[in-house]
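Only one structure is covered here, and it is reproduced in the block below.
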Amino acid sequence: MAADRRTVIENCSIATVDPQDTEYANGHVVLLGNRIESLGAGRAPDGLEDVERRIDATGHLVTPGLVNTHHHFYQWITRGLATDHNLFDWLVALYPTWARIDEQMVRAAAQGSLAMMARGGVTTAMDHHYVFPKGSGDLSGAIIGAARDMGVRFTLARGSMDRSEKDGGLPPDFAVETLEGALAATEETVRQHHDASFDAMTQVAVAPCSPFSVSTELMRQGAESARRLGVRLHTHGSETVEEEKFCHELFGMGPTDYFESTGWLGEDVWMAHCVHMNDSDIDAFARTGTGVAHCPSSNARLAAGIARVPDMLKAGVPVGLGVDGTASNESGELHTELRNALLINRLGAHREAALNARQALRLGTHGGARVLGRASQIGSLEPGKLADLVLWKMDTLAHASIADPVAALVFGAAAPVTASFVNGRQIVEDGRLLHADEDAIARSTREEAQRLARIAAQG
């Protein structure tokens, strides 16, 4: 999209997810280059110059693009395995297979993960990749390249593990890095790929995997490195009761206290899951501005529990949504997490008052942008923000009889995506990717999944 050319979208319902939750029953959005120039009720102003395209969006709801805050792309080629396990047993079952991935597998898996998200309304994705077997190739480069080719805004959380089975951890000994190797490789990834500009398409975070797969020194030095480099920090936290027990046995304290002792609470930090949080844990996250990636489907799949999202939001904790890896959420779609976040949280203590449709949409858009440190750029439809937005088709059999389009999007079936824009460039049209061959991706992911299974079976 040329910087001086406009796209005009008209005749649509709009949920801006701005600070006032402004909505228009019938409105317009004007894009200028890669920015939102204006929006409002009714048709676009007359006399706009350099209009390259006009879209009649009758029957559509326009929202900010969805923002995914936690994922493991490589797991796309190990879906459907260990389907009746809790987290620790699931990890023990799958680590020996994951430890045999290579660059070709990771690229195919990243393409599959990104394609599924993008065609379902995700405009900003992230990947927490922490498995780097020796001699496996340039895995970070493969992931970043796949996101670039797909046209999705992207954060790579460069993960690491240095606590293997011999040290009391879960990963096989051959699947981890050394402390020095992990720190050096992570810093090099930041220096090569992180873009700090307003309209950055690629950013990098420092992301040791979890307390039970990482040494205390890697946690502490990782935090110091991230802050010296000016990037964000990400890890798993408080996911299961087993993790809580592990932290008390190994460190003499719970996960939140452990994170604070290693420098891992702050406005530049976000944690995945945070299911088992007491009041003091939530207060600590709120006090420090530490964010949470809520992954309702994965938490249910692994029987981890129900995160206290309503209490987090009331306390002021930043919360976004995450797909999590597709070995624990086989659908790999974020728009289903809007519905699951709302429904699963209503099974908790707050029942029907836990979340409403607009709160769920905010989690998946502005909440995610805040968690990734990009709320000034994406996550809501406001003049001057980046042109990342989705046109959801709401006039089909699945949704047409629901008067409230936001309720239809969140409570109803997955809505078709007529168009998705990232940085002002359209990447999806009528539910199909414009810059990738979905059938070819399906073939390559199937082939790589089969190849990985053969290698793992050979030991």
Side-chain angles (χ1 to χ4, degrees), residues 1-9 12 14-22 24 27-40 44 48 50-53 55 57 61-69 114 117-118 120-126 144 147-156 193-205 231-232 291 318 320-321 334-335 361-392 417-429 434-435:
M1 183 73 180
D4 59 349
R5 297 293 176 178
R6 290 181 170 86
T7 295
V8 177
I9 304 166
C12 50
I14 303 173
T16 68
V17 201
D18 69 6
Q20 294 75 40
D21 271 328
T22 306
Y24 301 100
H28 68 273
V29 183
V30 179
L31 312 182
L32 177 60
N34 72 341
R35 305 292 179 97
I36 298 170
E37 182 181 41
S38 63
L39 71 163
L48 288 174
D50 300 316
V51 175
E52 187 171 73
R53 184 180 179 194
I55 300 174
L61 170 67
V62 177
T63 72
L66 300 183
V67 179
N68 181 35
T69 62
L114 287 159
M117 283 188 292
V122 168
T123 56
T124 297
M126 71 80 67
I144 289 169
R148 182 180 59 245
D149 293 345
M150 198 72 61
V152 172
R153 204 176 299 280
F154 181 60
T155 294
L156 174 67
H193 298 291
H194 180 70
D195 181 356
S197 64
F198 184 90
D199 56 357
M201 291 295 291
T202 303
Q203 296 196 328
V204 179
V231 299
R232 298 181 72 76
L321 292 181
L334 191 69
H335 61 306
L361 178 60
R362 180 170 287 275
L363 289 177
T365 53
H366 184 270
R370 186 181 175 197
V371 161
L372 294 183
R374 305 202 66 174
S376 66
Q377 303 145 35
I378 59 174
S380 62
L381 303 180
E382 301 178 70
K385 283 199 166 185
L386 296 170
D388 294 8
L389 66 159
V390 179
L391 280 66
W392 308 91
V417 174
T418 294
S420 182
F421 291 84
V422 180
N423 220 40
R425 178 186 186 227
Q426 189 172 350
I427 65 167
V428 175
E429 184 168 12
L434 288 176
H435 310 295

Next on the checklist: If the condition is side chain to side chain contact (heavy atoms under 4.5 Å, CB included), which residues does D199 pass it with, not counting sequence neighbours?
Outcome noted: N34, S197, L386, N423

Next on the checklist: So, using side chain to side chain contact (heavy atoms under 4.5 Å, CB included) as the criterion, who are the partners of A15 when residues are at least two apart?
Outcome noted: E23, L61, T63, L361, V406

Checklist entry - Do V152 and T123 pass the side chain to side chain contact (heavy atoms under 4.5 Å, CB included) test, and can you show the C-alpha distance, the side-chain angles, and the key distance before you say yes or no? => result CA-CA 6 Å; V152 172; T123 56; 5.9 Å; no

Can you name the nearest heavy-atom pair linking [X] to [Y], along with the distance?
| X | Y | value |
| --- | --- | --- |
| I36 | A387 | CG1-CA, 4.0 Å |
| H193 | V204 | CB-CG2, 3.9 Å |
| V67 | A369 | CG1-N, 3.8 Å |
| I9 | A57 | CG2-CB, 3.8 Å |

Is it the case that the side chain of [X] and the backbone of [Y] share a donor-acceptor pair, with hydrogens and angles ignored and the cut-off at 3.5 Å?
| X | Y | value |
| --- | --- | --- |
| R153 | A200 | yes |
| H435 | Q426 | yes |
| R53 | R5 | no |
| H366 | V17 | no |
| T16 | T22 | yes |

Mind checking the [atom1]-[atom2] spacing from [X] to [Y]? Nearest 0.5 Å is all I need.
| X | Y | atom1 | atom2 | answer |
| --- | --- | --- | --- | --- |
| S380 | Q20 | OG | CD | 10.0 Å |
| R35 | E382 | CZ | CD | 13.0 Å |
| R374 | D388 | CZ | CG | 8.5 Å |
| H335 | N68 | NE2 | CG | 12.5 Å |
| I427 | M150 | CD1 | CE | 8.5 Å |
| I144 | L156 | CD1 | CG | 5.0 Å |

Checklist entry - Please walk me through it: do R6 and E37 pass salt bridge (Lys or Arg N to Asp or Glu O under 4.0 Å)? => result CA-CA 9 Å; R6 290 181 170 86; E37 182 181 41; 2.8 Å; yes

Checklist entry - Given F421 and L391, is the side chain to side chain contact (heavy atoms under 4.5 Å, CB included) satisfied, shown in steps? => result CA-CA 9 Å; F421 291 84; L391 280 66; 4.3 Å; yes

Checklist entry - So which of V422, L31, I378, T365 actually passes side-chain contact (heavy atoms from CB on, under 4.5 Å) with L389? => result L31

Next on the checklist: Run V30 and T7 through side chain to side chain contact (heavy atoms under 4.5 Å, CB included) and show every step you take.
Outcome noted: CA-CA 6 Å; V30 179; T7 295; over 6 Å; no

Next on the checklist: If you apply the rule side chain to side chain contact (heavy atoms under 4.5 Å, CB included), what do you find for L381 with I14, and how did you get there?
Outcome noted: CA-CA 9 Å; L381 303 180; I14 303 173; 3.9 Å; yes

Next on the checklist: Within the 4.5 Å heavy-atom criterion, are L372 and T69 side-chain neighbours or not?
Outcome noted: yes

Item to check | Side-chain heavy-atom pair V417, W392 within 4.5 angstrom cut-off | outcome: yes

